[in-house]
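Notes follow the structure.
By convention in this document, chain letters (A, B, ...) are assigned in the order of the sequence lines, proteins followed by strands, and residues within each chain are numbered from 1.
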2 protein chains.
Amino acid sequence: MRIVYKNAVSLCSIQEGRYDWLLAHERKRRIIDYVRQYRTATVAQLAQEFGVHTATIRRDLAEIEQEGALKRTHGGVIMEQWTRNEPSFNERANVHREEKIRIGQLAASLVEDGENIIIDSGTTTLHIATHLIHRSDITVITNDMNVAVELRDAPGIKVILTGGELYPSSYMLNGMFTDHVLGSLHVEKAFIGTPALHPQHGLMHPEALLVPAKQGMIRAAGEIVVVTDHSKIGKLSLHTVAPNSAIHTLVTGTEASDADIRPFQERGITVYRA
Amino acid sequence: MRIVYKNAVSLCSIQEGRYDWLLAHERKRRIIDYVRQYRTATVAQLAQEFGVHTATIRRDLAEIEQEGALKRTHGGVIMEQWTRNEPSFNERANVHREEKIRIGQLAASLVEDGENIIIDSGTTTLHIATHLIHRSDITVITNDMNVAVELRDAPGIKVILTGGELYPSSYMLNGMFTDHVLGSLHVEKAFIGTPALHPQHGLMHPEALLVPAKQGMIRAAGEIVVVTDHSKIGKLSLHTVAPNSAIHTLVTGTEASDADIRPFQERGITVYRA
DNA sequence: CAGATAATGATCATTTTTGTTCATTTTTAT
DNA sequence: ATAAAAATGAACAAAAATGATCATTATCTG
């Protein structure tokens with residue numbers, strides 16, 4: 001951001017039409033935006049960002065905290081968190097965590113500004129959401145409350161949660177309403193996670209209840225991107241969600257071997273290893 | 001447009017060449033447009049933009065504020081909408097917290113095993129969910145992710161989240177999908193929270209976007225239970241969500257006076273003070 | 001065209017906001 | 001645990017914005 005001090009008076013200093021000193025009110029609003037984007041900020045950072053004294057930032061933060069939007073700490077502010085973490089969820093998330101983060105980052109880079117996308121429920125797909133926070137003009141449809149919460153404060157992102165029944169002890173929505181919402185939408189891309197991806201049988205899943213939602217996502221999207229860590233490749237499971245011919249792109253980790261991915265490449269699927 | 005000849009022409013006005021010869025009224029209209037576009041503006045910005053003295057802008061702003069279109073602040077103006085910030089969730093949750101807990105507990109006791117109920121989004125209604133955790137054989141439909149998460153691990157409770165768009169910086173779902181889901185359900189009871197309950201006008205709400213969801217909940221339920229702390233009783237707001245005749249039961253706190261609740265009792269509404 | 005009326009610009013005392021300093025508290029490193 | 005470093009809040013000074021007043025300019029009316 002370009003900072004122009006108030007007392008630097010130049011009559012015709014309209015440069016690219018943006019005036020760069022802020023109303024106190026606007027500054028407070030932007031502080032909130034800033035912290036929502038980056039989750040945390042120091043007083044010094046904010047003072048520099050907005051070109052004001054740290055005392056001013058402290059005064060602003062005191063007011064903002066009073067309003068309840070953010071939580072102050074020594075040295076800065078953080079977002080008031082929704083951390084009611086499920087142990088089993090965390091456990092799953094920590095298996096191949098590094099790989100999943102890389103996959104999420106790469107998958108997020110496949111999303112272009114202005115697109116509407118579907119993000120499936122899952123630990124890997126959640127990392128896609130995390131990497132979309134700073135993006136703008138994107139609509140995300142998801143059946144995962146974690147994804148929704150992750151993107152809740154992202155100013156450039158509109159979040160639509162499919163309705164449905166809360167799958168026991170998870171943050172995932174399923175059932176008739178989910179299917180109905182997905183059936184009435186069309187998006188550019190769908191990012192689908194999976195516990196089993198087989199060279200012959202394609203996308204598979206052990207739980208029949210969850211199959212229709214995934215199939216609905218696949219039907220609703222023009223391009224299907226499957227994201228999964230390397231350990232799921234080659235696995236079999238009970239139900240076939242979709243054949244490999246429905247998949248356009250596969251994002252996995254560098255841990256996946258050439259042999260793992262070759263069958264998919266041969267079927268015309270673009271494979272990325274993050 | 002009327003032409004006004006001025007002899008004092010500022011350099012910037014020549015360069016800009018757009019806003020030089022404006023009638024006062026036209027200028028005011030454009031100020032409003034400008035602020036609508038940029039969300040905020042400083043007096044200095046506007047003075048430069050329209051080539052008039054800051055005192056003139058101040059006079060304009062005073063009138064505009066009088067008319068209610070914009071909100072003045074020190075140094076400039078902002079859009080009213082952004083000032084009249086609904087207090088954040090955390091802030092609201094802490095106002096009358098004890099009373100809301102009592103209301104939630106009493107309201108929860110109105111739910112019988114085996115029933116299907118709707119729980120509206122809100123801080124008071126969230127306490128209803130909290131008091132339902134140990135109950136069994138209850139289906140809860142809600143448009144609030146907080147309610148859903150609260151009941152996520154309750155073994156005896158099935159949770160259905162309506163779909164919809166995530167209302168910015170909240171945990172509330174709204175929009176077409178919400179309305180559709182609510183339109184296809186019927187439940188025994190709906191627990192509705194409200195920021196304004198008026199003896200004559202009934203259930204009111206300041207935000208038009210959120211009205212259809214509440215109306216959908218009311219239509220979907222056989223019995224309407226309004227839960228609200230005493231401070232909301234007697235308040236007016238912009239939109240009428242439902243007349244008092246639609247309400248069957250009102251749960252509020254002991255803080256509510258006899259005079260507060262009498263009008264509702266006279267209309268046949270059962271009133272509980274928790 | 002002259003005078004009335006309204007709008008604008010300039011000045012200044014007052015109020016609000018921001019910057020500075022410093023004693024105190026909290027965090028970090030030893 | 002103790003000392004050094006950093007952050008904080010409070011008090012005060014400086015700067016900027018405001019409202020009121022009054023002079024000036026532009027438009028309207030007869």
Short side-chain N/O contact to D:dG9 OP1/OP2 from A:Arg72, under 4.0 Å: yes
Flag for B:Thr194-B:Lys232: side-chain donor and acceptor within less than 3.5 Å: no
Length of the line joining A:His25:NE2 and C:dT18:C1', which is rounded to integer Å: 17 Å
Passing candidate, side-chain hydrogen bond (donor to acceptor under 3.5 Å, both in side chains) with B:Thr254, options B:His230, B:Arg102, B:Glu99: B:Arg102
B:Ile57 CD1 to C:dA7 P, straight-line distance once rounded to whole Å: 15 Å
Sugar-phosphate only, base, or nothing, as touched by A:Thr73 at under 4.0 Å among non-hydrogen atoms: sugar-phosphate
B:Lys28 bridged to B:Asp33 by N-O distance under 4.0 Å: no
Between P of D:dA16 and CD of B:Gln45, the distance in whole Å: 16 Å
Side-chain donor-acceptor pair present, B:Asp144, B:Thr142, cut-off under 3.5 Å: no
Gap between atoms CZ and P, on A:Arg58 and D:dT8 respectively (whole Å): 4 Å
Charged tip of A:Arg152 within 45° of B:Tyr171 ring normal and under 6.0 Å: yes
Separation of C:dT17 C1' from A:Lys28 NZ (nearest whole Å): 13 Å
Non-hydrogen atoms of A:Val35 and A:Ile78 that approach each other most closely: CG1-C, 4.0 Å
Whole-Å gap separating P (D:dA17) and CG (B:Leu46): 13 Å
Residue-phosphate contact under 4.0 Å: B:Arg27 side-chain N/O, C:dA7 OP1/OP2: no
Distance in angstrom units between B:Glu63 CD and D:dG19 P, rounded: 13 Å
Contact letters for nucleotides 20-30 of chain C, in which S counts primed atoms plus P, OP1 and OP2 and B counts the base, heavy atoms under 4.0 Å: B-----SS---
Between P of D:dA7 and CD of A:Gln48, the distance in whole Å: 13 Å
B:Leu173 CG to A:Ile160 CD1 distance, which is reported to the nearest 0.5 Å: 10.5 Å
